[in-house]
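First the structure, in the form of structure tokens, and then the observations on it.
All figures in this text were calculated on a predicted structure; none of them were measured in a lab. All residue numbers in this chain count up from 1 along the given sequence.
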Amino acid sequence: MSGNFDRREALGLGLAGAAAALPGIAHAGDAPEPRILPPGMSRATFARAVADLRAVVGKEWVFADAGSSVSYDKSYLPDPAGRHFPCGAVAPASAEEVQRIVQIANKYRLALWPVSTGKNMGYGQATPATPGQMVLDLKRMNRILEVDVELATVLVEPGVTYQQLHDYLEEHNIPLWIDVPTVGPIASPVGNTLDRGVGYTPYGDHFLFQCGMEVVLPDGQMMRTGMGSLKNSNTWQAFKWGYGPYVDGLFTQSNYGIVTKMGMWLMPKPPVYKPFMIRHAEMEDVGRIVDAMRPLRVSQIIPNVNLMMGAAYQLSMFNRRSDVWNGEGSITDEVVKKAARANELGMWNTYYALYGTEEMVAAIEPVVSGALRASGGEVLTEKEMGGNPWFHHHATLMKGGLNLDEIGMVRWKGNGGGLAWFAPVAPAKGSETVGQTALAKEILGKYGFDYTAAYAIGWRELHHIIALLFDKSDPEEEKRADTCYREMVTRFGDKGWGSYRTGVASMDLVASQYGTVNRAFNAKIKRALDPNGIIAPGKSGII
Ligand SMILES: Cc1cc2nc3c(=O)[nH]c(=O)nc-3n(C[C@H](O)[C@H](O)[C@H](O)COP(=O)(O)OP(=O)(O)OC[C@H]3O[C@@H](n4cnc5c(N)ncnc54)[C@H](O)[C@@H]3O)c2cc1C
């Protein structure tokens, strides 16, 4: 079996998309012709706002015509009503330009949707939560500002990609590792962390390892969080909490400011790194694996965020669905099991790693392997699995390495590129996984979609990562995917399984599950900071 699709096209980096994002592409003239206007704004007012923006960033960095802004329209999410199109995009080169853009936005009541690299794939990419916002694309702000090798910290701008940071460390022979999401090469540490994304080394909970921000507030002022606002500060990236209320969290999954710099902690490269996989044969093993893994994670004997991969998810990375199954409805466990076995996979394949000195890894390995074998799995290493592409993929990720293998999933069904992540959280207990897997399979089955899912095992919690894969070129299927997604959110939420993060099409629905007091609190902060509602209205359900 082989992945016979074009990865660049799947990512929207094909010729059309790439050209649209380049500077110097012709506009329709000085009067912009956007696909849609901001709500309530006349064409003449929009033209004046665009002229003001062009005066700040240069004409070639405002994309205010349907043709020049088309790459910002791309999204894998189901959007049957077409509610998530921006009116265009503006790409500043500095924090000072961001401040001036914010002033213009306040003047015209133009809503801005900030993105760092805009690769929030399966959550909406660069598209906004409500129609007609202008994407504030920070990709040109891509400087690595500081690397402190002794403290293992870094300060970056939003447009820096994981690939760029990785290359910088390699080129300068700096023995520090980054921690990446599975789409690291094209994504941004700032964007990923602000959406509270996850990677797979011991530094996998990205917001936990974030330290210090510079933020442009909705009134155009610039603020540094934590120790960064002190005169002569030298601990901005060393001490997270600063003094008084801790505010960095307010700028994640929110619309209270535009982050223009962010600090992070990096992991010192360990002398020894050893990746493992445990293979479990049956779908029903799901609970046993988590119960065996939990004590090892809580005690940090296994220090990294594990991925417990369902076989159908793994098959979708390198195959078309039609390579595996042509039947009606959801793919059956029997079919998945057979295809998995042919690829040396079980129904669940869990990847973890040990890090340290030779002696440390040798001492811990038998303890870990013994506990995991007791759950009925086979513990496998590079020796047995070295040539296996899935083992290679995870062995790369768990040391902060980069690849784009997983992006193939968006071509599992058809050519339309349909993917919506549903990511409910649960306590790291086997009984919870059994319940979540059964409910997900029931709802997906009702709508004819496949259970292509994994669990990320954090410190004490699970992120159930369900990829709702559909063919976006089929309007009926897109609509069905949308309904299916909403039913999952609603029924999981009724059981206390809320999403840790969601796409632009379901932010309001998810926010409604977290209670009226919490929503009112978020809204009060919003009104106080951003009375004109110019930053990302609708983000996380906050208007
Ligand atoms: C196959 C596949 C696998 C994936 N695997 C992972 C994974 O392992 N882990 C994971 O976490 N995600 C994963 N993703 C989801 C997503 O692609 C990544 O999280 C990616 O890092 C997000 O895109 P980005 O870094 O370009 O962030 P952006 O799209 O730039 O930003 C994300 C969001 O944060 C906010 N934001 C961004 N920058 C700013 C700013 N400067 N100021 C204020 N707000 C801002 C915006 O609301 C924006 O929509 C995966 C997606 C796919 C398709």
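Judged by distance alone, with hydrogens and angles left aside, the side-chain atoms of N306 form no donor-acceptor pair with the main-chain N or O of Y352 at under 3.5 Å. Here the side chain of S540 pairs a donor or acceptor atom with the backbone of Q253 at under 3.5 angstrom. A donor-acceptor pair under 3.5 Å is absent between the side-chain atoms of Y200 and the main chain of A456, judged by distance alone. Listed for the K472 side chain is a donor-acceptor partner under 3.5 Å among the backbone atoms of L77. A side-chain donor-acceptor contact under 3.5 Å links R297 to the backbone of G458. A side-chain donor-acceptor contact under 3.5 Å links T161 to the backbone of Q164. Using a distance-only test at 3.5 Å, with no hydrogens or angles considered, no donor-acceptor pair links the side chain of K74 to the main chain of Q125. At distances below 3.5 Å, at least one donor-acceptor pair connects side-chain atoms of W236 with backbone N or O atoms of T225.
Ring planes of H464 and Y451: perpendicular class, angle over 60° (limits at 30 and 60°).
Under 3.5 Å, the side chains of D148 and Q237 contain no donor-acceptor pair of N or O atoms. Counting only N and O atoms by type, the side chains of D195 and Y123 include no donor and acceptor under 3.5 Å apart. If you check the side chains of E461 and Y500, you find no donor sitting under 3.5 Å from an acceptor.
Taking both residues in full, the closest heavy atoms of I443 and M488 are given as CG2-CG, 3.7 Å, listed atom of the first, atom of the second, then distance. The minimum heavy-atom distance linking M227 with S233 is given by the pair O-OG, 2.8 Å.
Taking the ring centre of F207 as origin, the terminal cationic atom of K240 falls inside the region bounded by 6.0 Å and 45° from the ring axis. A cation-pi arrangement, defined by a distance under 6.0 Å to the six-membered ring centre and an angle within 45 degrees of its axis, is present between R480 and F449.
In this structure, R100 does not pair ionically with E96, as no charged nitrogen and carboxylate oxygen lie closer than 4.0 Å.
Taking the six-membered ring wherever Trp is involved, the centroid distance between the rings of F422 and F492 falls below 6.0 Å.
A distance of 11.0 Å separates CG in L529 from CD1 in I534, rounded to the nearest 0.5 Å. The line from CG of L307 to NE2 of H463 is 10.5 Å long, rounded to the nearest 0.5 Å. Between the CD1 atom of I178 and the CD atom of Q163 there is a distance of 8.0 Å, given to the nearest 0.5 Å.
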